[in-house]
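Only one structure is covered here, and it is reproduced in the block below.
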Amino acid sequence: MIYDVIIVGAGASGLFLGANLKSKKVAILEKNSIAGKKILASGGGRCNITNRFVSAKNYLGEQKFIEQILKVLTPDQVLKFFSELKFSEEKQNQFFCDSGAKSVLSVLLKRQNADIFYNKEVLGAKKIDEIFEILTKDEKFRARNLVIASGGLSYKALGASDIGYKIANDSGIETSALAPALVGFSVQKDEFWFKELSGVSLNADVEINSHKFSGDLLFTHRGISGPAILNTSLFWQKGRICINFLPKFNEKNLINGKKQLSSVLPLPKRFVLEFLKNFGLKDRAFYEFSDKERQIIKRLFAYEFAPAGTFGFERAEVTKGGIKIEFLDENLQASNIKGLYFIGEVLDITGMLGGYNLHFAFASALKVARVLNL
Ligand SMILES: Cc1cc2nc3c(=O)[nH]c(=O)nc-3n(C[C@H](O)[C@H](O)[C@H](O)COP(=O)(O)OP(=O)(O)OC[C@H]3O[C@@H](n4cnc5c(N)ncnc54)[C@H](O)[C@@H]3O)c2cc1C
């Protein structure tokens, strides 16, 4: 049997495509025994499905190219597609599903126009004459069109594999460097005091190059994480970042008062004490510190350091880098191989934290659905 379309991967993009393809013989080949494992894990199980404001600026990658993909799907249209579910708009305009990620996945499965084959790990694909042959461990599938929706390398436990990049490279399509992103940072010796604060969270501004992210920062047993750090990781390769632990506190307020520093600063007491301990200082009123010590305390407004690395692909929400856009046409079809498409995270397009990655997975799928439905 020859399918009209075979999709590799029953994740966010593959399922959305399968749900939007009309009257075609479509199959999805999925490595796992269930679909959408990453969807189930998304947004801490609550699935941050989209954002009220989505624009190319929320993504790393070729801006003009991203813009024309985003045009096919507005945030309202995402919510409309899932209209039987309720979503709440939370901080930073993120939409979360009230009934959880499980119900998002249920809707995607209910709307399928594709047959899903589970436990089918795709090992390779090639086009022979006009037909794609897709190889799994125990079976060969044939299709006129092949859509790679196999995602990135992050969270192997949820099904990630490098098959998308492999099929691309075997087809003469290049990929840019891959790196874990939306991920926490491990720390060097000078910042080992962060590890003592595991579980503490606070609000901070984090700067990297010319980008600034405000939001929660979480200390972990390995270093730092939390939304502000995850966004920073998108722009980090190596080198320094700068944290303002006191974004809303005026430096002048340090000088007044006779209270101990830990009572004056709007920071968790445990944090202030650990900070002081690390620099060999006692918890005293600001006026009692020497000039040199005051300079150390002022580092709380601009704490610069170089992370040791990231927590790696195993803990990264997304993979930065991927299939190079210049090898595709505006419909995400390979320029050199008619009928071969790439959608979702496998592309060299990466969204910030806030529902942008799922939104892009859906938009890129719809872009291809429109072409295949013609
Ligand atoms: C913990 C976590 C939380 C997240 N939370 C959010 C969030 O709240 N909001 C948001 O916008 N984004 C979130 N993301 C990112 C988002 O989930 C992904 O960007 C998105 O799922 C990418 O969609 P995709 O279809 O490209 O890939 P995926 O959803 O990863 O789907 C790829 C599918 O392909 C399958 N596959 C891989 N290799 C093969 C193979 N060789 N053969 C057959 N099948 C294969 C995989 O098993 C998987 O089912 C989160 C990610 C993680 C890890």
Side-chain angles (χ1 to χ4, degrees), residues 6-18 27-51 54 58-59 75 78 87 90 92 94-97 100-101 104-105 108-109 116-125 134-137 139 141 146-167 180-184 225 227 230 311 313-320 322-323 332 341-365 368:
I6 281 187
I7 303 165
V8 179
S13 61
L15 291 173
F16 202 74
L17 176 59
I28 304 182
L29 307 180
E30 169 56 49
K31 179 184 168 197
N32 290 331
S33 57
I34 60 163
K37 274 196 171 178
K38 220 172 248 184
I39 297 173
L40 292 175
S42 66
R46 295 178 56 230
C47 189
N48 174 199
I49 203 156
T50 186
N51 196 291
V54 177
N58 303 114
Y59 297 87
V78 172
F87 293 90
E90 297 187 9
Q92 287 167 342
Q94 296 166 264
F95 284 101
F96 287 89
C97 182
V104 169
L105 179 59
L108 284 166
L109 290 173
I116 306 180
F117 294 87
Y118 294 103
N119 302 309
K120 292 288 175 202
E121 179 170 1
V122 172
L123 303 173
I134 301 109
L135 203 68
T136 69
K137 204 171 163 196
E139 229 178 309
F141 290 81
L146 176 61
V147 184
I148 309 301
S150 53
L153 293 179
S154 54
Y155 270 84
K156 217 171 179 181
L158 300 177
S161 86
D162 64 354
I163 191 63
Y165 313 117
K166 184 171 176 286
I167 292 175
L182 297 186
V183 64
S225 188
L230 298 194
F311 294 169
F313 281 114
E314 284 318 297
R315 285 276 157 268
E317 288 201 5
V318 291
T319 298
K320 189 166 74 169
I323 310 296
L332 298 165
Y341 298 83
F342 294 87
I343 57 175
E345 201 183 306
V346 76
L347 294 165
D348 186 7
I349 294 170
T350 312
M352 293 176 179
L353 200 78
Y356 303 108
N357 284 297
L358 285 174
H359 187 98
F360 181 78
F362 299 148
S364 58
V368 170

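In this text, all values refer to a predicted model and were calculated from it rather than measured experimentally. Numbering of residues begins at 1 and proceeds along the displayed sequence. Atoms within each ligand, like the ligands themselves, are counted from 1 in listed order.
Using a distance-only test at 3.5 Å, with no hydrogens or angles considered, no donor-acceptor pair links the side chain of S150 to the main chain of G9. In this structure, N51 contributes its side chain and Q92 its backbone to a donor-acceptor pair below 3.5 Å.
In this structure, K31 has no side-chain hydrogen bond (donor to acceptor under 3.5 Å, both in side chains) partners at least two apart in sequence or on a different chain. Not counting sequence neighbours, the partners of L158 by the side-chain contact (heavy atoms from CB on, under 4.5 Å) test are K37, K38, A41, Y155. Scored by the side-chain hydrogen bond (donor to acceptor under 3.5 Å, both in side chains) test, T350 finds no partners at all (sequence neighbours excluded).
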Can you produce the list of protein nitrogen or oxygen atoms under 3.5 Å from a nitrogen or oxygen of ligand 1, alongside each distance?
from: ligand 1; atom 1: 5 (N); to: G43; atom 2: N; distance (Å): 3.0
from: ligand 1; atom 1: 8 (O); to: G43; atom 2: N; distance (Å): 2.9
from: ligand 1; atom 1: 8 (O); to: N48; atom 2: N; distance (Å): 3.2
from: ligand 1; atom 1: 9 (N); to: N48; atom 2: O; distance (Å): 2.9
from: ligand 1; atom 1: 11 (O); to: G355; atom 2: O; distance (Å): 3.4
from: ligand 1; atom 1: 11 (O); to: N357; atom 2: N; distance (Å): 3.3
from: ligand 1; atom 1: 11 (O); to: L358; atom 2: N; distance (Å): 2.7
from: ligand 1; atom 1: 19 (O); to: E345; atom 2: OE1; distance (Å): 2.7
from: ligand 1; atom 1: 25 (O); to: A12; atom 2: N; distance (Å): 3.3
from: ligand 1; atom 1: 25 (O); to: S13; atom 2: N; distance (Å): 2.8
from: ligand 1; atom 1: 25 (O); to: S13; atom 2: OG; distance (Å): 2.7
from: ligand 1; atom 1: 26 (O); to: E345; atom 2: N; distance (Å): 2.8
from: ligand 1; atom 1: 29 (O); to: A12; atom 2: N; distance (Å): 3.3
from: ligand 1; atom 1: 38 (N); to: S161; atom 2: OG; distance (Å): 2.7
from: ligand 1; atom 1: 41 (N); to: V122; atom 2: O; distance (Å): 3.1
from: ligand 1; atom 1: 41 (N); to: S161; atom 2: OG; distance (Å): 3.3
from: ligand 1; atom 1: 42 (N); to: V122; atom 2: N; distance (Å): 2.8
from: ligand 1; atom 1: 44 (N); to: K31; atom 2: N; distance (Å): 3.1
from: ligand 1; atom 1: 47 (O); to: E30; atom 2: OE2; distance (Å): 2.6
from: ligand 1; atom 1: 47 (O); to: N32; atom 2: ND2; distance (Å): 3.3
from: ligand 1; atom 1: 47 (O); to: G159; atom 2: O; distance (Å): 3.4
from: ligand 1; atom 1: 49 (O); to: E30; atom 2: OE1; distance (Å): 2.6
from: ligand 1; atom 1: 49 (O); to: E30; atom 2: OE2; distance (Å): 3.3

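Relative ring orientation between Y59 and F360 is described as tilted, the plane-to-plane angle lying within the 30° to 60° band.
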